[in-house]
Amino acid sequence: MGEISLSIQLIVTVILAFVAVFFVCTFLSNLLKDKILVKLKFDEGSREAIATIFRYFTITIGCLLIPQAAGIDMSSFTFLAGGLGIGLGFGFQGLAQNFVSGLILLLERPIKVGDYIELDKLEGTIRKISIRSTVIVTNDDISIIVPNQILVSNKIINWSHGNVLSRIHIPVRVAYGSDPVLVTEVLLSAARQEPRVLHHPKPQVWLRNFGENCIDFELLVWIELPKARLPIQSSLNYIIQSKLYQNNINIPIAQRDLWIRNTEELKQVFAPIIASSQSAKIKSATTTEYQELERQNMSLQALLRKVVYFEGLSDLALLGLIEMGYRETFAPHQFIFHEDDPGDAFHIILSGVVEILAERANKHIRDLSAGDFFGELALIMGYLERRR
């Protein structure tokens, strides 16, 4: 090729050298990130940024030194590189923009690995920042790859920037006639009941507005777990609803007054329709009430209330108990557990029949049906064993 003489051996040697440089630089950058920078007590974001810059810098230096070490005069490729560079410049504008954006993210560090961010409707934790793209893991453990250009050119809410403290706002509407002082007391009590809410800075309650059908309050609490922002808000909503109910504070329903003229004429026109629909409504309401009663009788909350160990628990405590449990289906004649098996599980039968027997003596003891429970002693003993 002009003044350059190439051989198969030289080409293979150069390719192997490039591969070796890539793996060696990657190994050194991982060693720097996982060992050296950890001992120097750098945070996760700083370690990732330094290691990434080091990896790309060393790979670039290696790629420049390998041809010279192999005796290839790169000046002979100047014209070819110039024409190729123009073509690549037009064809890879997006790649170049993402490359520059990646350098900006790594050097300026408006976001870093480990930060919890919000971009449009996307929320998640940054797991990796590379030259071309950034990997964001959502709360559903889904990895989303976002081009760096989007992160640089769009507005981003960084919940972890500066410090992890953040404040969340929870709107609460109550009916007119409610005591504002009592509402404030209830909301502050609900905030103190959630263990993930910080006491310093302290929670606040604002009376934001007098609406058409309600008084608008807002509870403001500080947290240090940005990733748990939505679960904390959900927990507070449960607590607030329970405490409002306990204190007879009503949540209003939007109401509208409708004025109808010529009511007598309308009654005559719609009288046959109203008469025929009334019987249907009564039948439908009766069926709905029966289904609701049947559902309540078979709900986990109602079944747990029948157990002496749980009958004194509050609704919120029962809610936490229900969330901890899970449903499991067993095949006929399948053993749930054997005699002398260690256990720390409590079981409630939702359907079917469970046979209790003395396995060694091969003796039937009794049958348990839907609504019955077993395993309470194992639950208590397992708890005591863990306490030890």
Side-chain angles (χ1 to χ4, degrees), residues 137-143 190 192-197 225 227-228 230-246 283-388:
V137 179
T138 66
N139 294 332
D140 299 323
D141 203 21
I142 299 174
S143 297
R192 297 187 189 98
Q193 192 169 337
E194 168 54 51
R196 291 169 292 184
V197 170
L225 300 170
K227 187 175 181 180
L230 296 179
I232 292 174
Q233 186 171 350
S234 174
S235 176
L236 285 172
N237 285 331
Y238 274 114
I239 299 173
I240 289 171
Q241 192 277 336
S242 176
K243 287 190 170 294
L244 290 178
Y245 178 78
Q246 292 174 5
K283 183 178 180 180
S284 175
T286 304
T287 304
T288 302
E289 290 173 359
Y290 173 77
Q291 293 175 349
E292 180 68 18
L293 181 62
E294 184 180 20
R295 186 191 66 81
Q296 289 181 358
N297 287 338
M298 292 303 296
S299 68
L300 281 175
Q301 183 181 12
L303 293 175
L304 288 171
R305 289 290 185 196
K306 296 179 181 180
V307 182
V308 66
Y309 304 100
F310 308 130
E311 61 182 0
L313 295 181
S314 63
D315 292 340
L316 292 175
L318 281 179
L319 173 64
L321 197 63
I322 292 173
E323 289 180 343
M324 290 172 58
Y326 60 93
R327 294 175 182 243
E328 189 172 0
T329 303
F330 296 91
H333 307 293
Q334 178 182 353
F335 277 91
I336 301 175
F337 59 85
H338 294 275
E339 216 174 321
D340 296 330
D341 283 349
D344 57 356
F346 174 78
H347 303 266
I348 293 183
I349 304 172
L350 299 181
S351 63
V353 177
V354 174
E355 180 185 7
I356 306 296
L357 54 89
E359 193 173 0
R360 294 175 181 173
N362 194 20
K363 181 180 179 182
H364 173 81
I365 298 177
R366 63 188 180 111
D367 291 333
L368 301 177
S369 57
D372 293 332
F373 61 90
F374 60 94
E376 65 278 6
L377 292 179
L379 181 64
I380 296 173
M381 297 303 296
Y383 172 75
L384 293 177
E385 187 66 27
R386 288 193 298 271
R387 288 292 297 271
R388 291 177 184 176

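Note that the structure is predicted; figures quoted are calculated from it, not measured.
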Checklist line | Shortest non-hydrogen contact from H364 toward L357 | finding: CA-CB, 4.2 Å

Next item on the list: Please report the shortest heavy-atom distance between S143 and V137, naming the atom on each side.
Entry: OG-CG2, 3.9 Å

Set of residues satisfying side-chain hydrogen bond (donor to acceptor under 3.5 Å, both in side chains) with respect to [X], sequence neighbours excluded:
X	answer
H338	E359
Q246	S242
Q233	none
N139	Y116

What's the spacing between [X] [atom1] and [Y] [atom2] if we round to 0.5 Å?
X	Y	atom1	atom2	answer
H347	F330	NE2	CZ	6.5 Å
L313	L319	CG	CG	11.5 Å
S369	D372	OG	CG	4.5 Å
I349	L303	CD1	CG	10.5 Å
L244	I239	CG	CD1	11.5 Å
I356	L368	CD1	CG	4.5 Å

Item checked: side chain to side chain contact (heavy atoms under 4.5 Å, CB included) partners for A361, two or more places apart -> A358, K363

Checklist line | Ring centroid separation F346 to F310 under 6.0 Å | finding: yes

Check: How far apart are the C-alpha atoms of I322 and L304, what are their side-chain angles, what is the distance that settles it, and do they pass the side chain to side chain contact (heavy atoms under 4.5 Å, CB included) test?
Finding: CA-CA 9 Å; I322 292 173; L304 288 171; 3.8 Å; yes

Next item on the list: Check the surroundings of atom OH in Y238: do more than 12 heavy atoms from other residues, nucleotides or ligands lie under 6.0 Å from it?
Entry: no

Check: Going through the distances and angles, do R327 and L350 end up as a side chain to side chain contact (heavy atoms under 4.5 Å, CB included)?
Finding: CA-CA 9 Å; R327 294 175 182 243; L350 299 181; 3.0 Å; yes

Note to self: If the condition is salt bridge (Lys or Arg N to Asp or Glu O under 4.0 Å), which residues does R196 pass it with, not counting sequence neighbours?
What the structure shows: E194

Note to self: Run the side chain to side chain contact (heavy atoms under 4.5 Å, CB included) test on D367 and V354 for me, step by step, so that the C-alpha distance in whole Å, both residues' side-chain angles and the decisive distance to 0.1 Å come before the verdict.
What the structure shows: CA-CA 6 Å; D367 291 333; V354 174; over 6 Å; no

Margin query: Run I348 and F374 through side chain to side chain contact (heavy atoms under 4.5 Å, CB included) and show every step you take.
Written below: CA-CA 7 Å; I348 293 183; F374 60 94; over 6 Å; no

Notebook entry, point to check: Is Q334 reaching over with its side chain to a backbone N or O of A331, donor-acceptor style, under 3.5 angstrom?
Noted result: yes

Check: Side chains of R366 and E355: closer than 4.5 Å at any heavy-atom pair?
Finding: no

